[in-house]
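Below is one structure, written out as structure tokens, with a few remarks after it.
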Amino acid sequence: AELHELKADPNRPATGTCLESSLSEGRGVLATVLVQEGTLKVGDVVVCGDGFGRVRALFDDKGQTIPEAGPSTPVEISGLDVVPSAGERFAVVEDVSRAREIAEARRDRARAAAHGERQTVTLENLYSKMAEQKVKTLNLILKADVQGSLEALIKELVKLENDEVPVRVLLKGVGGISESDIILADASQAIVIGFRVAPEDRAITLADEKNIEIRRYDIIYQVTDEIKKAVEGLLVP
């Protein structure tokens with residue numbers, strides 16, 4: 001940066017990129033962001049991906065609270081309403097109503113896209129596709145502690161893909177395993193995988209009732225090893 005004399009304007013509303021995100025039981029949604037332009041301050045209204053909120057606190061790399069963060073500063077923020085994905089851009093906007101408008105428009109688009117995909121995971125469609133194509137599909141629902149773990153898991157699972165048994169991730173997210181995850185698993189014959197997260201009490205009860213398998217792991221390679229065995233067990237002779 002010094003060699004090329006790279007510069008950023010610190011006197012404008014902050015923009016940058018989300019590097020990591022998680023859901024903390026005591027502190028809510030936490031996002032580690034890199035400020036690339038402007039200065040991010042406590043109290044700023046931020047939109048990041050399909051989430052928004054007012055910055056309640058800023059934490060530096062040592063976990064200390066700071067009042068503001070300028071260009072080229074990595075900082076953890078609290079105050080967003082949902083966990084953003086790593087790689088999402090963030091920007092400071094003028095007020096909460098504008099932030100809500102942007103976030104809700106993005107959520108509507110995401111829901112529409114998900115609804116289009118979700119048509120393929122109903123029991124009726126699943127059985128008809130299996131009958132037509134003679135394909136067995138291993139459906140997975142993934143929940144992890146942070147976005148980085150989720151991305152690493154998906155990257156490894158993609159390597160297990162083969163023509164005879166597709167591995168499909170129907171739902172992925174950060175946070176504990178919820179009742180809605182079990183409902184989707186029941187509708188789509190999916191296995192629920194929790195990576196360093198626990199299921200909620202109601203989710204455990206419902207999973208027992210519906211006979212849905214929940215598997216919990218702490219090491220990524222344990223997940224891929226067991227999925228590989230499951231895929232090999234499903235292969236057509």
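Being a predicted model, the structure only gives us computed values, none of them experimental.
- Side-chain atoms of Arg54 never come within 3.5 Å of backbone atoms of Val46 as a donor-acceptor pair (strictly under, hydrogens ignored).
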Side-chain donor-acceptor pairs under 3.5 Å in residues 140-154, sequence neighbours left out?
from: Lys143; atom 1: NZ; to: Gly176; atom 2: O; distance (Å): 2.9
from: Lys143; atom 1: NZ; to: Asp181; atom 2: OD2; distance (Å): 2.8
from: Asp145; atom 1: OD1; to: Ser149; atom 2: OG; distance (Å): 2.9

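- Note on Ile191 and Val223: same hydrophobic cluster, where clusters join Ile, Leu, Val, Met, Phe, Trp and Tyr whose side-chain heavy atoms are under 4.5 Å apart, directly or indirectly.
- Considering only heavy atoms from C-beta on, Val29 comes within 4.5 Å of Pro84 through its side chain.
- Distance CZ/Arg27 to OG/Ser22: 8.0 Å, rounded to 0.5 Å.
- A salt bridge between Lys7 and Glu5 is absent, with no side-chain N of the basic residue lying under 4.0 Å from a carboxylate O of the acidic one.
- Residue-environment remark: CZ (Arg196) exceeds the threshold of 12 foreign heavy atoms within 6.0 Å.
- There is no path of hydrophobic side-chain contacts, each under 4.5 Å, that joins Leu6 to Leu34.
- A salt bridge does not link Glu104 to Arg107: none of the charged side-chain nitrogens sits closer than 4.0 Å to a carboxylate oxygen.
- Atom OG in Ser24 sits 5.5 Å away from atom CG in Leu30 (nearest 0.5 Å).
- Side chains of Tyr217 and Glu226: a donor-acceptor N/O pair is present below 3.5 angstrom, by distance only.
- Put simply, the side chain of Asp81 never gets that close to the backbone of Gly51: no donor and acceptor are under 3.5 Å apart.
- Of the inter-residue distances, the one linking Leu184 atom CG with Gln189 atom CD reads 12.0 Å to the nearest 0.5 angstrom.
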All N/O donor-acceptor pairs, side-chain side in residues 62-73, below 3.5 Å, sequence neighbours left out:
from: Thr73; atom 1: OG1; to: Gly70; atom 2: O; distance (Å): 2.8

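- For the pair Arg98 and Phe52, the NZ or CZ position fails the cation-pi test of under 6.0 Å to the six-membered ring centre and within 45 degrees of the ring normal.
- Separation of atoms NZ (Lys172) and OG (Ser85) is listed at 7.0 Å; rounding is to 0.5 Å.
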Identify each donor-acceptor pair in which a side-chain atom of residues 8-18 lies under 3.5 Å from a protein atom, sequence neighbours left out, and give them as a table.
from: Asp9; atom 1: OD1; to: Asn11; atom 2: N; distance (Å): 2.8
from: Thr17; atom 1: OG1; to: Gln36; atom 2: OE1; distance (Å): 2.8
from: Thr17; atom 1: OG1; to: Arg89; atom 2: NH1; distance (Å): 3.0

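- The OG1 atom of Thr224 sits 8.5 Å away from atom CD1 of Ile227, with the distance rounded to the nearest 0.5 Å.
- For Asp95, the CG atom is densely surrounded, since the number of other residues' heavy atoms within 6.0 Å is greater than 12.
- For the residue pair Ser21 and Val83, the shortest heavy atom distance occurs at OG-CG1, 3.2 Å.
- Counting all heavy atoms, side chain and backbone alike, Ala31 lies closest to Leu80 at CB-CD1, 4.1 Å.
- Taking both residues in full, the closest heavy atoms of Leu160 and Val167 are given as O-CG2, 4.4 Å, listed atom of the first, atom of the second, then distance.
- Open room surrounds CD on Glu25; 12 or fewer heavy atoms of other groups in view lie less than 6.0 Å from it.
- Residues Leu40 and Val92 have side chains in contact (heavy-atom distance under 4.5 Å, counting atoms from C-beta outward).
- For the pair Leu206 and Ile183, the minimum side-chain heavy-atom distance is below 4.5 Å.
- Contact detail for Ala198 and Arg216: the closest heavy-atom pair is CB-NH2, 3.7 Å.
- Hydrophobic cluster membership differs between Ile193 and Tyr221, with clusters built from Ile, Leu, Val, Met, Phe, Trp and Tyr side chains linked at under 4.5 angstrom.
- Phe90 has its side chain out of reach of Ile77: every pair of non-hydrogen atoms, C-beta onward, lies at least 4.5 Å apart.
- From Asp50, atom CG reaches atom CZ of Arg109 across 10.0 Å, with rounding to the nearest 0.5 Å.
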Next item on the list: Apply the test side chain to side chain contact (heavy atoms under 4.5 Å, CB included) to residues Val75 and Phe59: give CA-CA distance (whole Å), side-chain angles for both, the deciding distance (0.1 Å), then the verdict.
Entry: CA-CA 6 Å; Val75 63; Phe59 303 94; 5.6 Å; no
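- Across all non-hydrogen atoms, the minimal contact from Val174 to Leu23 is CG1-N, 4.0 Å.
- Within the 3.5 Å criterion, the main-chain N or O of Lys41 finds a donor-acceptor partner in the side chain of Asp44.
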Margin query: Determine whether Glu209 and Ile182 satisfy the following criterion, side chain to side chain contact (heavy atoms under 4.5 Å, CB included), listing intermediate values before the conclusion.
Written below: CA-CA 10 Å; Glu209 287 175 10; Ile182 304 302; over 6 Å; no
